[in-house]
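What follows is a set of notes on a single structure, which appears directly below.
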Amino acid sequence: MKQENEETPEAFGVLSSDEPKPSHDAYSTLRYRDFRLLMIGFFIAMFGQQMLTVAIGWELYQRTDSALVLGGVGLAQVIPVILLFLPAGYIVDRYSRKYVVIFAQLATALGSLGLALLSYERGPLLLIYGCLVVIGSAQSFSGPASSALVAQVIPEEVYENAMTWRSSIMQLSSVLGPAAGGFLIGILRGATWVYVLDGIASLIFVVLLILMHVRKQTRPVANGRTLSSLMEGVRFLAKTQVMLAAITLDLFAVLLGGAVTLLPIFARDILHVGPIGLGWLQAASSLGAVCMALILTHRPPFTHAGRTLLIAVAVFGVGTIIFGLSSWFWLSFLMLFLLGAFDNISVVIRSTLVLVRTPDEMRGRVSAVNSLFIGTSNQLGGFESGLVAQLFGPVIAVVAGGIGTILVVLLVAWLWPEMRRLTTLRA
């Protein structure tokens, strides 16, 4: 049954509403104009961010030869996420999500251009970390706002398909971005122009957002208790056991399986493939994720979602172990490909649960908590991997992370039997 404020497909800009709909339309969400604009902008911005990830990792390791400095990149970006997730979620629910993303992308552009200037002048490491803090702060707002914005440009019945395409587009940018970043570093002999291009990508996203028409969001009822309202997303997740289990599983899998952070070390010192090889290694997991996402878009909705999620994360752990032990480029590439493919299953299930089972007036705060968990695991996982690699070496760091991931799967399956019994993603 449609909600009272839900618009017809024609109002969303669907290409054709007269033709009969198939039982499973893999391209249903791509028929909506504003969703296409959102995803094009999302692709371009993510493309730039992936190029920046390769560039900052390569440049800092070339300058310092320190795995700990690479880990510090993640720490500089996760601190704002930890500090700002509560006010960010509140602002995303209280104010226009479209304009929140616009201002966040403008801040990201400033941070990227600051990195370009510091790279050109060979500025101090402290200021480089400062620019990364600015970018991390912007992402604290942009992440939950753009995720919640999806629900304002499409009808509810295509949410699962939308999150699958969003994941596919994100991963496609992650395939092309690292390869392009590594290629540009190789031919331009430096990372400066990569940072400039990332800033331009963010500005293009701003233009596309301005062109979008979004449905009016449901704002939370003011109760005069700001702190209570800020914590509402945390309380909602604590009461929704399946969502909590899915986020916890993803958090620790990424936290422990931080092989990607150490790719500059593997590329230069173990596999001996240079910056272009690094770009392809960085792209391998995203290439696997794109292939898996395309498979998911063409299959019916999940009927055994919980069991599928547990198996996917367990395979992620096994692939991490094999990657850590590999000294052959193509085996390492294959393992990273599989890591991305099975991680994408986790991403689609988790993100769809958050979108489908959260009321619209709370999507910003719940998405902010989700961003905290995932952003924290990504960045702290990078710091943890860098620290362990500095103390014990990169191989031990990656293999131990894979073993830890498998143990987490067993623990989650035991603590949350609801996850094992989860069938469809809708409540």
Side-chain angles (χ1 to χ4, degrees), residues 38-62 70 73-74 77 101 104-105 108-109 111-113 115-116 119 131-132 135-136 138-139 142-143 146 165-208 254 258-264 266-267 273-294 332-333 336-337 339-341 343-344 347 374-375 378-379 382:
L38 180 61
M39 290 300 101
I40 291 170
F42 185 68
F43 168 82
I44 293 171
M46 284 297 301
F47 181 92
Q49 283 293 299
Q50 290 298 324
M51 286 200 303
L52 184 145
T53 299
V54 173
I56 195 68
W58 181 262
E59 181 173 15
L60 292 185
Y61 192 59
Q62 285 291 96
L70 288 181
V73 171
Q77 291 178 281
V101 180
Q105 289 302 313
T108 299
S112 299
L113 295 176
L115 286 175
S119 176
C131 289
L132 293 173
I135 294 172
Q139 292 304 311
S142 181
S146 62
W165 276 111
R166 184 177 186 268
S167 174
S168 178
I169 291 167
M170 178 180 68
Q171 297 299 342
L172 180 61
S173 67
S174 299
V175 170
L176 300 177
F183 181 75
L184 289 173
I185 294 170
I187 65 172
L188 298 176
R189 300 182 183 278
T192 302
W193 283 103
V194 176
Y195 304 134
V196 174
L197 291 174
D198 179 53
I200 294 173
S202 294
L203 295 178
I204 293 174
F205 192 13
V206 168
V207 173
L208 293 173
V254 177
V260 173
T261 303
L262 302 177
L263 284 183
F266 278 84
V273 292
I276 295 178
L278 169 64
W280 285 108
L281 287 172
Q282 194 91 33
S285 62
S286 297
L287 182 61
V290 169
C291 293
M292 179 59 72
L294 291 176
S332 299
F333 185 91
L336 290 171
F337 180 92
L339 291 182
D343 180 59
N344 191 69
V347 169
I374 305 310
N378 276 298
Q379 307 304 339

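Residue indices begin at 1 and follow the sequence shown.
Nearest heavy-atom pair across C131 and G111 is CB-O, 3.7 Å. Nearest approach of R166 to G143, heavy atoms of both residues: NH2-O, 4.4 Å.
Remark: W193 CH2 to I200 CD1 distance equals 8.0 Å, nearest 0.5 Å. Taking OG of S173 as the reference point, atom CD1 of I169 lies at 9.0 Å (rounded to 0.5 Å). The CG atom of L60 lies 7.5 Å from the CG atom of L132; values are rounded to the nearest 0.5 Å. With values rounded to the nearest 0.5 angstrom, F333 atom CZ is found 8.0 Å from L336 atom CG. A distance of 9.0 Å separates CD in Q105 from OG in S112, rounded to the nearest 0.5 Å. Within the model, atoms CD1 of I44 and CG of D198 stand 12.0 Å from one another, a figure rounded to the nearest 0.5 Å.
I135 is listed as a side-chain neighbour of L52, based on a closest heavy-atom distance under 4.5 Å. L287 has its side chain out of reach of W280: every pair of non-hydrogen atoms, C-beta onward, lies at least 4.5 Å apart. In this structure, L184 and L197 have side chains that are in contact, with non-hydrogen atoms separated by less than 4.5 Å.
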**OP:** Kindly indicate, with the supporting measurements, whether the criterion side chain to side chain contact (heavy atoms under 4.5 Å, CB included) is fulfilled by Q49 and T108.
**Re:** CA-CA 9 Å; Q49 283 293 299; T108 299; 3.4 Å; yes
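Proximity of a side-chain donor or acceptor of S146 to a complementary backbone N or O of S142 within less than 3.5 Å is detected. A donor-acceptor pair is defined here as one N or O able to donate and one able to accept, closer than 3.5 Å; no such pair exists between the side chain of S119 and the backbone of L115.
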